[in-house]
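Heads up: the structure comes next, in structure tokens.
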Amino acid sequence: MSAQVPKKRTVKELNAYVEVLEHRLEKMESIFESLELDPKVTEKCLKTNIENANKVVKVEKRINVIDKKVKTLAEFQCEHQKKPKIECKKCGKEFFDNNQLTEHTIEIHPLKIKCRYCAQPFEKTWKLEMHIKEHVENILSVMNAVKSSI
């Protein structure tokens with residue numbers, strides 16, 4: 001099983017996060033006012049938190065720009081060392097390494113396992129197992145009903 005790559009946050013998501021922080025700031029201000037704390041100290045702390053959140057957004061934007069410019073080692077090898085690309089057997093899309101192909105396969109072409117009783121498809125084996133248990137319970141209840149009627 002391959003390690004999961006952390007999802008990169010988009011600028012839109014980061015801006016939404018900053019808005020959430022600002023909303024929390026407003027709530028905290030009202031709480032602090034009810035506690036009768038020094039408003040200047042409270043305001044300074046809250047502004048620092050917003051400034052830090054904005055710094056995070058700026059850093060994430062820079063990282064996204066750099067990520068677009070920097071090629072992976074696999075891409076470099078494919079382009080400059082004539083290493084062959086790996087092709088998806090289902091749709092023909094080409095990838096630079098097996099990890100990219102594996103991620104693509106899991107997301108785009110999930111396995112469909114069919115129930116042997118009703119042919120309902122499932123992507124996860126545990127879901128199929130839960131479904132089959134329902135069939136088995138139904139079959140057992142019918143058998144018990146037949147036995148009790150005899």
Side-chain angles (χ1 to χ4, degrees), residues 1-34 42-147:
M1 193 175 262
S2 65
Q4 289 188 347
V5 178
K7 182 185 173 194
K8 293 179 185 174
R9 292 186 280 182
T10 63
V11 173
K12 186 177 180 180
E13 290 170 329
L14 292 170
N15 287 333
Y17 178 65
V18 169
E19 287 180 23
V20 168
L21 289 177
E22 287 173 344
H23 181 70
R24 288 183 185 166
L25 170 71
E26 291 171 6
K27 283 186 175 181
M28 288 171 58
E29 283 177 341
S30 65
I31 292 169
F32 286 133
E33 285 174 10
S34 67
T42 305
E43 186 177 341
K44 183 178 179 183
C45 290
L46 295 173
K47 284 184 179 179
T48 303
N49 285 337
I50 289 178
E51 288 171 6
N52 289 339
N54 285 328
K55 287 177 186 176
V56 169
V57 170
K58 288 177 184 175
V59 168
E60 289 278 350
K61 285 179 183 177
R62 282 189 221 139
I63 289 171
N64 287 338
V65 168
I66 291 169
D67 281 348
K68 288 176 184 172
K69 291 180 181 177
V70 175
K71 294 185 177 183
T72 65
L73 175 61
E75 288 175 293
F76 177 81
Q77 288 174 335
C78 287
E79 290 177 5
H80 298 286
Q81 297 176 357
K82 304 302 179 199
K83 181 181 172 188
K85 294 179 182 175
I86 302 163
E87 186 175 309
C88 174
K89 292 177 182 172
K90 293 187 178 183
C91 67
K93 188 171 180 180
E94 292 183 332
F95 299 93
F96 297 107
D97 61 29
N98 281 327
N99 290 339
Q100 290 175 336
L101 175 60
T102 302
E103 287 176 13
H104 164 79
T105 304
I106 290 169
E107 289 178 20
I108 306 301
H109 311 293
L111 293 174
K112 300 280 187 193
I113 310 162
K114 291 187 177 181
C115 172
R116 64 179 173 213
Y117 298 107
C118 67
Q120 182 177 345
F122 293 89
E123 292 181 10
K124 307 281 185 200
T125 54
W126 67 270
K127 287 184 178 180
L128 174 62
E129 290 169 2
M130 298 282 288
H131 174 77
I132 288 176
K133 283 181 184 177
E134 291 175 11
H135 280 296
V136 171
E137 288 171 2
N138 290 339
I139 291 168
L140 291 174
S141 66
V142 169
M143 289 174 64
N144 287 334
V146 170
K147 281 183 184 178

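What you see is a predicted model; the values in this text were computed from it and never measured. FYI, the numbering just counts along the sequence from 1.
In terms of the side chain to side chain contact (heavy atoms under 4.5 Å, CB included) criterion, residue partners of Glu94 (sequence neighbours excluded) are, by chain and number, Lys85, Glu87. Contacts of Lys112 classified as salt bridge (charged side-chain N to carboxylate O under 4.0 Å, His left out), with partners at least two apart in sequence or in another chain: Glu123. The ring pair (Phe, Tyr, Trp, His ring centres under 6.0 Å) search around His135 returns Tyr117, His131, not counting sequence neighbours. With sequence neighbours left out, the side chain to side chain contact (heavy atoms under 4.5 Å, CB included) criterion links Lys133 to no other residue.
If you take CD1 on Ile106 and NE2 on His104, they are separated by 11.0 Å, rounding to the nearest 0.5 Å. Taking SG of Cys115 as the reference point, atom CD of Glu134 lies at 9.5 Å (rounded to 0.5 Å). Atom CZ in Phe122 sits 11.0 Å away from atom CD in Glu129 (nearest 0.5 Å). Between atom CD1 of residue Ile132 and atom CE of residue Met130 there is a gap of 12.0 Å, rounded to the nearest 0.5 Å. Distance CD1/Ile113 to OG1/Thr125: 5.5 Å, rounded to 0.5 Å.
Cys91 is not listed as a side-chain neighbour of Ile108, based on a closest heavy-atom distance of 4.5 Å or more. Using a 4.5 Å heavy-atom threshold, the side chains of Leu101 and Cys88 count as touching. Phe95 has its side chain within reach of Lys93: a pair of non-hydrogen atoms, C-beta onward, lies under 4.5 Å apart.
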